[in-house]
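Below is one structure, written out as structure tokens; comments come after it.
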Amino acid sequence: MALFSRLFRSKAQKAVDVLQDGLNRRLLAIQAALELFKRTSRAFDVSGLHEASSETTSFKLAQGKHAYFTNALIDDLAHVEELIKAMHRALEFNNGRPSPGFEKEVIEAEQALERTDANIDRLRDVCQQLVDVVGDISAP
């Protein structure tokens with residue numbers, strides 16, 4: 001029975017680790033998008049584009065979308081982070097054994113992560129729009 005318990009405990013911890021990895025990848029995507037936002041904003045400021053140009057309009061619209069999708073992702077991922085923290089605490093409290101309903105919690109967290117994928121894709125598209133307007137952002 002102890003071997004089965006350790007095996008099951010291992011699977012439970014692996015499930016939480018996979019969720020944490022998925023969360024971390026999405027947080028890195030947000031961090032990269034924020035860095036790109038900062039760089040494109042600097043490049044836009046020095047570009048000298050006319051305020052009434054279509055490029056300026058496109059850039060400002062993309063900035064607004066960027067803020068919207070970034071905030072939506074941060075809100076969605078905060079919920080996932082809380083779910084993962086709760087699972088960690090439950091595993092620690094139960095000496096590594098999953099609590100009743102653990103599988104349901106894992107599924108809920110997996111689904112919540114999957115729901116963020118559409119906004120990650122949208123944020124990627126918006127970042128491309130920002131780069132398309134300003135061009136080269138290689139300068140720090």
Side-chain angles (χ1 to χ4, degrees):
M1 185 66 172
L3 177 62
F4 178 73
S5 177
R6 272 185 267 147
L7 177 66
F8 196 68
R9 202 175 351 183
S10 174
K11 286 182 181 181
Q13 186 58 53
K14 285 180 184 177
V16 174
D17 291 345
V18 167
L19 290 170
Q20 185 68 54
D21 184 53
L23 174 64
N24 291 345
R25 283 194 319 271
R26 286 160 177 86
L27 291 172
L28 283 172
I30 292 171
Q31 185 178 0
L34 289 170
E35 178 62 28
L36 185 108
F37 182 88
K38 187 167 71 173
R39 286 178 164 219
T40 56
S41 293
R42 269 192 251 131
F44 179 78
D45 289 343
V46 298
S47 69
L49 289 172
H50 190 277
E51 191 66 31
S53 70
S54 63
E55 291 88 357
T56 297
T57 302
S58 295
F59 189 80
K60 292 193 184 272
L61 180 61
Q63 280 184 318
K65 289 179 184 178
H66 187 286
Y68 175 81
F69 292 126
T70 299
N71 287 328
L73 281 165
I74 290 170
D75 289 345
D76 293 344
L77 293 175
H79 172 67
V80 174
E81 185 174 30
E82 288 303 315
L83 291 172
I84 292 170
K85 284 180 182 178
M87 285 184 257
H88 275 297
R89 284 190 301 270
L91 286 173
E92 287 174 17
F93 181 75
N94 293 325
N95 294 321
R97 292 184 195 93
S99 59
F102 180 81
E103 288 182 34
K104 181 181 173 192
E105 293 169 355
V106 169
I107 291 168
E108 180 184 352
E110 286 174 339
Q111 291 172 343
L113 280 174
E114 288 172 5
R115 285 190 300 270
T116 65
D117 289 343
N119 279 342
I120 291 283
D121 291 341
R122 290 178 186 117
L123 184 58
R124 184 182 305 116
D125 292 343
V126 168
C127 285
Q128 186 60 54
Q129 291 171 9
L130 292 170
V131 171
D132 288 346
V133 171
V134 297
D136 183 26
I137 59 166
S138 59

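Reckoned from all heavy atoms, side chains included, excluding hydrogens, waters and symmetry mates.
Here the CD atom belonging to Glu103 is positioned 10.0 Å from the NZ atom belonging to Lys11, to the nearest 0.5 angstrom. Rounded to the nearest 0.5 angstrom, Phe69 CZ and Asp121 CG are separated by 10.5 Å. Atom CG of Leu36 and atom CD of Gln128 lie 8.5 Å apart (nearest 0.5 Å). The structure places CG of Leu83 at 11.5 Å from CD of Glu110, a figure rounded to the nearest 0.5 Å.
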- Go through the steps for Phe59 and Thr40 under the test side-chain contact (heavy atoms from CB on, under 4.5 Å), then give the verdict. CA-CA 9 Å; Phe59 189 80; Thr40 56; 4.0 Å; yes

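Side-chain atoms of His88 and Gln13, non-hydrogen and from C-beta on, do get closer than 4.5 Å to each other. Counting only heavy atoms from C-beta outward, the side chains of Val16 and Phe102 approach each other to under 4.5 Å.
Remark: side-chain polar atoms of Thr116 are not paired, donor with acceptor, to backbone N or O of Leu73 under 3.5 angstrom. Asn71 places a side-chain N or O within 3.5 Å of a backbone atom of Ala67 that can act as its donor or acceptor partner. With hydrogens and angles ignored, the 3.5 Å screen pairs a side-chain donor or acceptor of Arg26 with a backbone N or O of Leu113.
Follow the hydrophobic side-chain contacts under 4.5 Å out from Leu34 and you reach Leu23 in the same cluster.
Inspection of the Ser58 and Gln129 side chains reveals no N or O donor paired with an N or O acceptor under 3.5 Å.
The two residues Gln63 and Ser41 have their closest heavy-atom pair at NE2-OG, 3.2 Å.
A salt bridge links Glu35 to Lys38: at least one charged side-chain nitrogen sits closer than 4.0 Å to a carboxylate oxygen.
Partners of Asp125 according to the side-chain hydrogen bond (donor to acceptor under 3.5 Å, both in side chains) rule, which considers only residues two or more places apart in sequence or in another chain, do not exist here.
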